[in-house]
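Below, all heavy atoms of this structure are taken into account, side chains as well, without hydrogens, waters or symmetry copies. Given the structure is predicted, the values throughout are model-derived calculations rather than measurements.
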Amino acid sequence: MAMAGKVQKMQVKKKTAPAAKPKSGPVPTAAPYWLMKSEPDVFSWEMLVARGAKGEPWTGVRNYLARNHMRAMKLGDLGFFYHSNIGKEIVGVLQVVKTAYPEPTDTTGTWECVDVVAVQPLPNPITLAAVKADGKLAKMALVTSMRLSVQPVTVHEWAHVCELGGLDPKSLKGKPASKAEAVEKTKA
DNA sequence: GCCAACGTTGGC
DNA sequence: GCCAACGTTGGC
């Protein structure tokens with residue numbers, strides 16, 4: 001299993017979690033799109049691309065809000081892949097291919113993960129600085145909730161980032177969760 | 001390496 | 001259930 005962020009390095013705490021059912025938490029209103037962060041030296045976009053159609057379990061999330069966002073994800077949902085710490089830029093588009101399920105290594109029954117695959121790289125990666133400097137993006141959770149590792153993205157933000165990044169959102173829309181072939185092409 | 005932001009923990 | 005102390009994230 002791979003790491004999807006610095007949080008992955010954390011020990012799994014033996015917290016005395018009430019034996020809450022994994023499904024019992026609040027489920028926020030589903031956002032149209034998402035953004036998921038990872039430190040590229042731990043788990044990078046290139047590594048996700050290399051996983052191909054198998055994708056990767058997005059493990060290591062140890063924040064309730066981030067977990068709840070993963071719970072709200074639907075099969076086929078799209079999200080941005082953001083490189084934190086190194087690069088600090090949005091580098092690609094990923095897709096949810098398996099909805100939230102208990103994280104196998106978590107013995108507390110508290111944490112969950114989703115499986116994602118790489119869909120397309122952003123021809124022009126969008127840096128955090130560019131996001132902050134753009135009036136249409138300055139309110140993104142990426143800016144306002146800096147430390148949240150899994151966050152919602154609005155339709156407007158999605159469209160604007162895609163435009164700036166050189167991606168036609170329509171080329172992603174409605175793609176089946178089997179678009180890993182596109183990934184294979186981007187590797188060549 | 002520093003430190004601001006902020007989520008979590010634990011004393012009361 | 002409040003809130004101070006503590007720990008972590010992540011930009012700079």
Side-chain angles (χ1 to χ4, degrees), chain A residues 1-31 33-49 56-73 79-94 96 100-116 118 121-122 124-154 157-158 160-161 164-165:
Chain A
M1 125 151 14
M3 320 275 274
K6 182 184 273 180
V7 281
Q8 316 247 1
K9 295 173 185 166
M10 295 195 325
Q11 302 251 357
V12 175
K13 292 181 183 172
K14 300 277 172 64
K15 59 176 50 172
T16 55
K21 300 245 157 74
K23 297 272 163 107
S24 65
V27 175
T29 306
Y33 300 100
W34 309 99
L35 181 146
M36 304 179 86
K37 295 183 182 178
S38 184
E39 297 185 30
D41 56 341
V42 178
F43 188 78
S44 68
W45 167 256
E46 289 74 19
M47 292 166 75
L48 182 61
V49 169
E56 179 74 8
W58 201 266
T59 58
V61 170
R62 294 296 182 270
N63 171 283
Y64 288 103
L65 188 50
R67 181 203 63 183
N68 292 344
H69 285 143
M70 289 200 294
R71 283 180 175 176
M73 292 179 181
F80 290 125
F81 191 116
Y82 175 79
H83 276 170
S84 59
N85 251 320
I86 300 172
K88 281 171 286 194
E89 55 188 6
I90 299 169
V91 293
V93 172
L94 52 72
V96 177
Y101 59 99
E103 200 182 292
T105 59
D106 171 36
T107 57
T108 70
T110 303
W111 304 111
E112 300 180 15
C113 58
V114 297
D115 288 0
V116 299
L122 274 194
N124 314 310
I126 305 301
T127 65
L128 177 63
V131 169
K132 286 182 174 174
D134 190 310
K136 293 179 180 172
L137 301 177
K139 282 192 287 196
M140 282 186 75
L142 188 61
V143 178
T144 62
S145 304
M146 182 180 68
R147 294 174 49 206
L148 186 61
S149 61
V150 178
Q151 39 185 261
V153 172
T154 70
E157 292 161 353
W158 182 265
H160 196 54
V161 170
L164 294 176

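An end-to-end axis angle of 10° holds for the helix from dG1(B)-dC12(C) to dC12(B)-dG1(C), taken from five base pairs per end and rounded to 10°.
Atom CG in Asp41(A) sits about 12 Å away from atom P in dG10(C), given to the nearest Å. Regarding Asn63(A), its CG atom lies at a distance of 10 Å from the P atom of dT9(C), rounded to whole Å. Spacing between atom CG of Leu142(A) and atom C1' of dT9(C) amounts to 13 Å, rounded to whole angstrom units. Leu148(A) has its CG atom 9 Å from the P atom of dG10(C), to the nearest Å. In this entry the distance linking NZ of Lys132(A) with P of dG11(C) reads 8 Å, nearest Å. Put simply, CD on Glu39(A) is 8 Å from P on dG11(C), counting in whole angstrom units. Atom CE of Met36(A) is separated from atom P of dG10(C) by 13 Å (rounded to the nearest Å). For the pair Tyr64(A) OH and dT9(C) C1', the interatomic distance rounds to 17 Å; values are reported in whole Å.
For the pair Lys88(A) and dT9(C), the criterion of a side-chain N or O lying under 4.0 Å from OP1 or OP2 is not met.
Formation of a donor-acceptor pair under 3.5 Å by the Arg67(A) side chain with backbone atoms of Thr110(A) is found in this model. Ser145(A) places no side-chain N or O within 3.5 Å of a backbone atom of Leu148(A) that could act as its donor or acceptor partner. No donor-acceptor pair closer than 3.5 Å links the side chain of Glu112(A) to the backbone N or O of Arg71(A). Not a single donor-acceptor pair under 3.5 Å links the side chain of Ser38(A) to the backbone N or O of Pro40(A).
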Audit row: Leu35(A), Met140(A), side chain to side chain contact (heavy atoms under 4.5 Å, CB included) steps and yes/no: CA-CA 10 Å; Leu35(A) 181 146; Met140(A) 282 186 75; 4.3 Å; yes
Intermediate values then yes/no, side chain to side chain contact (heavy atoms under 4.5 Å, CB included), Asn85(A) and Val42(A): CA-CA 11 Å; Asn85(A) 251 320; Val42(A) 178; over 6 Å; no
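Pairs of residues two or more places apart, or lying in two chains, that qualify as side-chain hydrogen bond (donor to acceptor under 3.5 Å, both in side chains) and include a residue from residues 131-142 of chain A are Asp134(A)-His160(A).
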Name the pairs: protein N/O against N/O of nucleotides 2-6 of chain B, kept only if under 3.5 Å.
{"residue": "dA5(B)", "atom": "N3", "partner": "Arg147(A)", "partner atom": "NH1", "Å": "3.0"}
{"residue": "dC6(B)", "atom": "O4'", "partner": "Arg147(A)", "partner atom": "NH1", "Å": "2.7"}
{"residue": "dC6(B)", "atom": "O2", "partner": "Arg147(A)", "partner atom": "NH1", "Å": "2.5"}

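Qualifying side-chain contact (heavy atoms from CB on, under 4.5 Å) partners for Glu89(A), counting only residues two or more places apart in sequence or in other chains: Val91(A), Pro125(A), Thr127(A). Applying the ring pair (Phe, Tyr, Trp, His ring centres under 6.0 Å) test to Phe81(A) and every residue at least two apart in sequence or in another chain returns Trp45(A), Trp58(A), His83(A).
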